[in-house]
Protein chains: 2
Amino acid sequence: MTTPVLQARAADLLKAYGARRWKIATAESCTGGHVIALLTDIAGSSAVVERGFVTYSNEAKSELIGVPAELIAAHGAVSEPVARAMSEGALVHSRADVAVGITGIAGPGGGTAAKPVGLVHFALSVKGRPTFALERRYGDLGREAVRRSAVEDALGLLEKALAD
Amino acid sequence: MTTPVLQARAADLLKAYGARRWKIATAESCTGGHVIALLTDIAGSSAVVERGFVTYSNEAKSELIGVPAELIAAHGAVSEPVARAMSEGALVHSRADVAVGITGIAGPGGGTAAKPVGLVHFALSVKGRPTFALERRYGDLGREAVRRSAVEDALGLLEKALAD
């Protein structure tokens, strides 16, 4: 799932976060741990990576990071409100300064007309700032490519937190 | 980090767990999410993979899965008691039937004479059975190889749960 380019971006990211003494938490659904795995591939990442939640089931989203079950019932697990609740919940339920939430439909099954395979909702929460949400529709590229694209965009959001 | 052989093993594992209606939780430290990432690479894994804890910091180990801070202080985060507390805590703090805990020293830094780089403690908890612990000393193979070896052994423990 990783590439030398992604690893170099992750290394740069961790260096910049380390310089600010910022810590990261992740709340991953469709990426299933690949974002935090990429970050922790880098030696010394323990100074920056605080914890990760792989909230694959709806119950995990509610029990671990406080995503209201009613929000999931109303909007679906793959939705902007749930992505926002994931990153905000990861921030509250960790000691991190920045958190990213990722929920999507990697496929091959699970797509509908309104929420097709390849739809991924992201959210970025930085302490003291409003949460930023991002929607991507990659199309039905295949499970691996959807997940790899989502990992790249999640990394992009963590980079964006530094630039803002 | 993954290979076609590992992916085939993960696919077989998920099929066997699915047939038993068993769910999996993971508590990863040194593998940083690679075990659950491998499992969730497989389509349909949401029927089996319930949640994952990437407890990279000591606080995460205590706050998310109830590893007593005194246990970490007494034995160190990389120790058999902490690995046991991780898999048992992952079982308690999830809806899974089987949980694996992994804590080790991937390097390049962090090793000592007693706990060198490449030391990894694993534990496997299955509902209603005593926890099984495993210690591996891979040697200083490099961070990536230590982590890859640990992912393979964690997968082996999840396979062992089926065989016992």
Side-chain angles (χ1 to χ4, degrees), chain A residues 1-2 7 10 23-65 77-78 90 92-96 105-110 117 142-144 146-148 150-151, chain B residues 1-2 7 10 23-65 77-78 90 92-96 105-110 117 142-144 146-148 150-151:
Chain A
M1 181 95 17
T2 191
Q7 289 198 313
K23 288 184 181 284
I24 294 173
T26 56
E28 303 185 57
S29 188
C30 65
T31 48
H34 276 291
V35 173
I36 194 160
L38 169 66
L39 296 176
T40 58
D41 280 344
I42 310 302
S45 51
S46 59
V48 170
V49 178
E50 209 270 322
R51 70 187 68 181
F53 304 89
V54 183
T55 55
Y56 221 55
S57 66
N58 288 344
E59 292 81 5
K61 291 179 184 69
S62 298
E63 293 167 5
L64 296 184
I65 49 175
V78 178
V92 169
H93 294 272
S94 74
R95 293 163 181 251
I105 303 165
V117 170
R143 183 175 180 84
E144 190 184 335
V146 168
R147 280 157 53 97
R148 186 168 43 225
V151 169
Chain B
M1 180 97 14
T2 191
Q7 289 199 313
K23 289 183 181 283
I24 295 173
T26 57
E28 302 184 59
S29 190
C30 65
T31 48
H34 275 292
V35 173
I36 194 160
L38 170 67
L39 296 176
T40 59
D41 280 344
I42 311 301
S45 52
S46 58
V48 170
V49 178
E50 209 270 323
R51 70 187 68 181
F53 304 89
V54 183
T55 54
Y56 222 54
S57 66
N58 288 345
E59 291 82 5
K61 291 180 183 69
S62 298
E63 293 168 4
L64 296 185
I65 50 175
V78 178
V92 170
H93 294 272
S94 74
R95 294 163 181 250
I105 302 165
V117 170
R143 183 174 179 85
E144 190 184 335
V146 168
R147 280 158 53 99
R148 187 169 40 225
V151 169

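Each chain gets a letter, A, B and so on, in the order the sequences are listed, and its residues count up from 1.
Chosen from V35(A), V49(A), L64(A), T40(A), the residue pairing most often with chain B at heavy-atom distances under 4.5 Å is T40(A). Counting heavy-atom pairs under 4.5 Å between each of G110(A), G52(A), S45(A) and chain B puts G52(A) at the top. Options E50(B), H93(B), K23(B) differ in how many heavy-atom pairs under 4.5 Å they form with chain A, and the most are formed by E50(B). Ranking G32(B), G33(B), S94(B) against chain A, the residue ahead of the rest is G32(B), based on heavy-atom pairs under 4.5 Å.
Side-chain contact check for S57(B) versus R95(A): every heavy-atom pair is 4.5 Å or farther apart.
Distance check, rounded to the nearest 0.5 Å: NE2 of H34(A) to CG of L39(A) gives 13.0 Å.
Using a 4.5 Å cut-off between heavy atoms, I42(B) contacts chain A through its backbone alone, with no side-chain atom that close. Neither the backbone nor the side chain of E144(B) comes within contact range of chain A; no heavy atoms are under 4.5 Å apart. For a residue to count as touching a neighbouring chain, one of its non-hydrogen atoms must lie under 4.5 Å from one of that chain's; by this rule I65(A) does not touch chain B. Neither the backbone nor the side chain of T2(A) comes within less than 4.5 Å of any heavy atom of chain B.
Judged as a side chain to side chain donor-acceptor pair (under 3.5 Å), and not counting sequence neighbours, T26(A) has no contacts.
Scanning all heavy atoms of the two residues, the minimum distance from A106(A) to V117(A) falls at O-CG1, 3.7 Å.
Under the 3.5 Å distance criterion, the side-chain polar atoms of R51(B) are left unmatched by any main-chain donor or acceptor of T55(A).
Residue pairs meeting the salt bridge (Lys or Arg N to Asp or Glu O under 4.0 Å) criterion with at least one member in residues 25-42 of chain B, sequence neighbours excluded: R147(A)-D41(B).
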